[in-house]
Number of protein chains: 2
Amino acid sequence: MRADARKNYDHLLAVAQKVLQEQGADVSMRDIARQADVGVGTLYRHFPTREALLETLLRSSFDDLAAKAAALENDAAADEALVAWLADIIGFTHEHRGILAPMMSAIEDPDSALHDACVRLKAAGASLLRRAQSAGLARADLDGAELFDLIAALAWLREQPAHAARSERLFSIVRDTILRVDR
Amino acid sequence: MRADARKNYDHLLAVAQKVLQEQGADVSMRDIARQADVGVGTLYRHFPTREALLETLLRSSFDDLAAKAAALENDAAADEALVAWLADIIGFTHEHRGILAPMMSAIEDPDSALHDACVRLKAAGASLLRRAQSAGLARADLDGAELFDLIAALAWLREQPAHAARSERLFSIVRDTILRVDR
DNA sequence: TTGATATCCGGAACGGCGTTCCGTATATTT
DNA sequence: AAATATACGGAACGCCGTTCCGGATATCAA
């Protein structure tokens, strides 16, 4: 990569990080380019799709979430481990406003730059769920896909201004539902 | 209203109904005008916002939902009544793809043409919930706002292609959560 | 140092969007 | 038939995502 290209690439990443954080993941590509004092062509050359940009920006966060999940696999309390990770991932989507929509399309599109990250998250959740189920700490009639749906739904709710106040409340309701073991 | 205006109004409504059903509630206003062989100005004159158009189109559906709720108030089984109505409203949002987003903003915006309809739905759900709670058939630690959130989340999930297959499954999970009475 | 060349940049261009506005046409009333 | 009120169409404005290419710039070879 040519030196000027590298510089632009790094600069774009830095600016995009700030702008995304301020405006949400659905800012216009033009805005990002403008804020970086760069032509829109330059932005698209380095990141051919919005998802490619998001993937690059969030890779470390995704890695963190995966690492956290792996660490929690060894946590003594399988139920608390699962719940803690759920809270993490919902916090993540909330922290990165607007990321949910691209993730939901990415999970269905193997060509999306975000596809792998989503699949990894889903698998990590499924694994934590299975462990909790094996320990008899989570309801048995739930699979990874369903868990992912529940997480996504909670994350979506959290993006709705009208719902903000009830965020923790609904999380705890869903938590109880997941952990409830019929006895 | 002038005769030609009335004609256009009716025609627009008919065309919009068809187009919305085919393309979802987020079709471009231009498309609607085009399909109706009408200038875009004419569409906007009759329906100054997309929400105004949606409200007019769906008014009868909203009324039906309200009437259904009222009828269910007299149903012997308060729990089944609540669940039946939940299924109805989720079916409604699914039938009218794309209606959820405008509804979620409308509920926070008293000036939206959809605001009243949303408030009525929320109130109807809350009422059915209270009745089930009084009968000891629904968990007591849930209020109307939270119920509305749960419905919205399920409706949102149902709009996600990736989730389609698990639609009924998750509905029944949430149903159990709502109806579960700690004993 | 000086070409030559590969690479990269900026921004115009295309088609689409929501929305506003107004000159023109049509219906209604006098 | 003339006057008036009303409604119509679509151009215009400023946004958007995305593509494309002429010109600028960095790198490399001589």
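Chain naming here is simple, since letters A, B, ... match the order of the sequence lines and numbering starts at 1 in each.
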Are there over 12 heavy-atom neighbours, none belonging to Glu108(A), within less than 6.0 Å of that residue's CD? yes
Derivation of the side chain to side chain contact (heavy atoms under 4.5 Å, CB included) call for Trp85(B) and Leu129(B): CA-CA 10 Å; Trp85(B) 192 75; Leu129(B) 173 63; over 6 Å; no
OP1 or OP2 of dC16(D) sitting under 4.0 Å from any side-chain N/O of Ser28(A)? yes
What's the closest nucleotide to the side chain of Tyr44(B) if the choices are dT20(C), dG9(D), dC8(C)? dT20(C)
Residue closer to the 5' end of DNA chain C, Asp31(B) versus Met1(B) (nearest nucleotide): Asp31(B)
Among dA26(D), dC8(C), dC17(C), the one nearest Arg30(B) by side-chain distance: dC17(C)
Rounded distance in Å - CG (Asp10(A)) to P (dC8(C)): 14 Å
Spacing between Leu43(B) atom CG and dC21(C) atom P, to the nearest angstrom: 17 Å
Could you state the interatomic distance from CG (Leu142(B)) to CZ (Arg180(B)), rounded to the nearest 0.5 Å? 13.5 Å
Looking at Thr42(A), does any N or O in its side chain come under 4.0 Å of the phosphate oxygens OP1/OP2 on dG10(C)? yes
Of the listed dA27(C), dC8(C), dG10(D), the closest approach to the Val40(B) side chain comes from dG10(D)
On DNA chain C, compare the nucleotides closest to Arg6(A) and Asp4(B); which residue's is nearer the 5' end? Arg6(A)
Could you tell me whether the phosphate oxygens of dC8(D), OP1 or OP2, come under 4.0 Å of any side-chain nitrogen or oxygen in His46(B)? yes
Just by distance, do the side chain of Thr56(B) and the backbone of Ala52(B) share a donor-acceptor pair under 3.5 Å? yes
Considering just the side-chain nitrogens and oxygens of Asn8(B), establish if one lies under 4.0 Å of OP1 or OP2 belonging to dA7(D). no
Atom-to-atom span, NE2 of His11(B) to P of dA7(D) - whole angstrom: 18 Å
Interatomic distance where CD belongs to Glu51(B) and C1' belongs to dT19(C) [whole Å]: 14 Å
Starting at atom CD1 of Ile32(B), determine the distance to atom C1' of dT19(C), rounded to an integer number of angstrom. 14 Å
Could you check which of dG9(D), dG17(D), dG10(C) has an atom nearest any side-chain atom of Arg45(B)? dG9(D)
Taking OP1 and OP2 of dG17(D), is either one under 4.0 Å from a side-chain nitrogen or oxygen of Arg50(A)? yes
Has Arg34(A) got a side-chain N or O lying under 4.0 Å from the OP1 or OP2 atom of dC16(D)? yes
Ion pair present between Lys68(A) and Asp63(A), side-chain N to carboxylate O less than 4.0 angstrom? no
Val38(A), nearest nucleotide to its side chain (from dG17(D), dA7(D), dG10(C)): dG10(C)
Choose from dT27(D), dT26(C), dC9(C) the nucleotide whose nearest atom is closest to any side-chain atom of Arg2(B). dT26(C)
Report the distance from atom OH of Tyr9(B) to atom C1' of dC8(D), rounded to the nearest whole Å. 18 Å
